[in-house]
Amino acid sequence: MSQTIHTQLIGQPQTHTDSKGEWRTAIYRTEVSGPVTLGLRGLEGDRVADTKHHGSKDQAVCVHPLAHFQHWSGVYGITLAPGAVGENWTLAGSEADETLVCIGDIYAIGTARVQVSQPRFPCSKQERKLGIKGFLKAVMATGKSGWYLRVLTPGVVEAGDLLTLESRPEHGLTVDDANRGLLGKEINVALIERLLEIPELSAVWKRGLRRRLGSLQE
């Protein structure tokens, strides 16, 4: 049972052109080898283009399980490799899964310490980058979203480093639970109320949960 950094990636905002026109994004990240400094806002040399929705301390590191790429490659009949959805860390290992990772989990990695803060919200830029129609809805339906980490202790990390679980909150709610609370087809009031009580869950995810509860009163 383990999680390791299979691939580490960084990127800078760039302008790209496709059939829809020009768009600016940092989702085209590239692999880096060797040690990289990890600060409170993320990996050295990594930036985001959309600072309104990305780049907070709760979104310092975007991670995605390697197994998901194997899944999607089988579904769509194409090869999706690490970095395909613009993550910073592609994670390998039997524990690298939304149903097993809990909101608030704290891991030691390299000389740093990180904490699971929220799922990654399915983003239209992923679908645009991949050119796969319906990919956004497929991610939402399966919960194969990946997740974000906040940095508790800055340090140095590199590919091959093992994420060692230091502590897990007693609530036991997973990344998958957080996804279902906000994105599930049915509004699960009890689950949402439990999620809102988690201090480690990011403020932006909680805002979305509160909006969803509010929709019941409209």
I'd like to check [X] versus [Y] (side-chain heavy atoms, cut-off strictly below 4.5 Å). Are they in contact?
X	Y	result
Asp97	Pro65	no
Asn88	Asp46	yes
Leu152	Ile106	yes
Leu195	Leu201	yes
Leu40	Pro154	yes
Phe69	His64	yes
Ile10	Arg29	no
Arg194	Leu173	yes

Test item: [X] side-chain N/O and [Y] main-chain N/O as donor-acceptor pair under 3.5 Å:
X	Y	value
Gln115	Gly104	yes
Asp105	Cys102	yes
His171	Ile103	yes
Ser73	Leu80	yes
Gln12	Ala26	no
Arg120	Gly146	no

Determine whether [X] and [Y] fall in the same hydrophobic cluster, where Ile, Leu, Val, Met, Phe, Trp and Tyr are linked whenever their side-chain heavy atoms lie under 4.5 Å apart.
X	Y	result
Val204	Val114	no
Val32	Leu91	yes
Leu162	Val156	no
Val85	Leu43	no
Ile198	Val116	yes

Result of checking Phe121, Trp205, Trp147 against Asn179 for side chain to side chain contact (heavy atoms under 4.5 Å, CB included): Trp205

Derivation and outcome, side chain to side chain donor-acceptor pair (under 3.5 Å), residues Gln59 and Ser56: CA-CA 5 Å; Gln59 301 167 315; Ser56 72; 3.2 Å; yes

Reported [atom1]-to-[atom2] distance for the pair [X] and [Y], which is rounded to 0.5 angstrom:
X	Y	atom1	atom2	answer
Leu38	Glu44	CG	CD	10.5 Å
Ile78	Leu130	CD1	CG	6.5 Å
Asp18	Lys129	CG	NZ	12.5 Å
Lys57	Arg150	NZ	CZ	11.0 Å
Asp58	Glu200	CG	CD	11.0 Å
Arg211	Leu213	CZ	CG	11.5 Å

Ignoring hydrogens, what is the shortest heavy-atom contact between [X] and [Y]? Give both atom names and the distance.
X	Y	value
Glu87	Ala84	OE1-N, 3.9 Å
Cys62	Tyr148	CB-CE2, 3.6 Å
Lys206	Pro199	NZ-CA, 3.9 Å
Val101	Arg168	CA-NH2, 4.2 Å
Val139	Ser145	CG1-CA, 3.9 Å
Met140	Pro122	CG-CG, 3.5 Å

Verdict with reasoning, Leu9 to Thr90, per side chain to side chain contact (heavy atoms under 4.5 Å, CB included): CA-CA 8 Å; Leu9 307 105; Thr90 314; 3.7 Å; yes

Which residues share a salt bridge (charged side-chain N to carboxylate O under 4.0 Å, His left out) with Glu166, sequence neighbours left out: Arg113

Full working for side chain to side chain contact (heavy atoms under 4.5 Å, CB included) between Leu163 and Thr4: CA-CA 6 Å; Leu163 284 86; Thr4 60; 5.6 Å; no

Step-by-step side chain to side chain contact (heavy atoms under 4.5 Å, CB included) determination, Ile5 to Ile109: CA-CA 9 Å; Ile5 302 177; Ile109 175 73; 3.9 Å; yes

Within 6.0 angstrom of Arg212 CZ, more than 12 heavy atoms from elsewhere: yes

Linked hydrophobic residues, Trp23 as query - side chain contacts closer than 4.5 Å: Ile27, Tyr28

Worked check of side chain to side chain contact (heavy atoms under 4.5 Å, CB included) between Glu31 and Thr7: CA-CA 7 Å; Glu31 181 178 355; Thr7 308; 3.6 Å; yes

No-hydrogen, no-angle side-chain donor-acceptor test under 3.5 Å, Glu98 and His68: yes

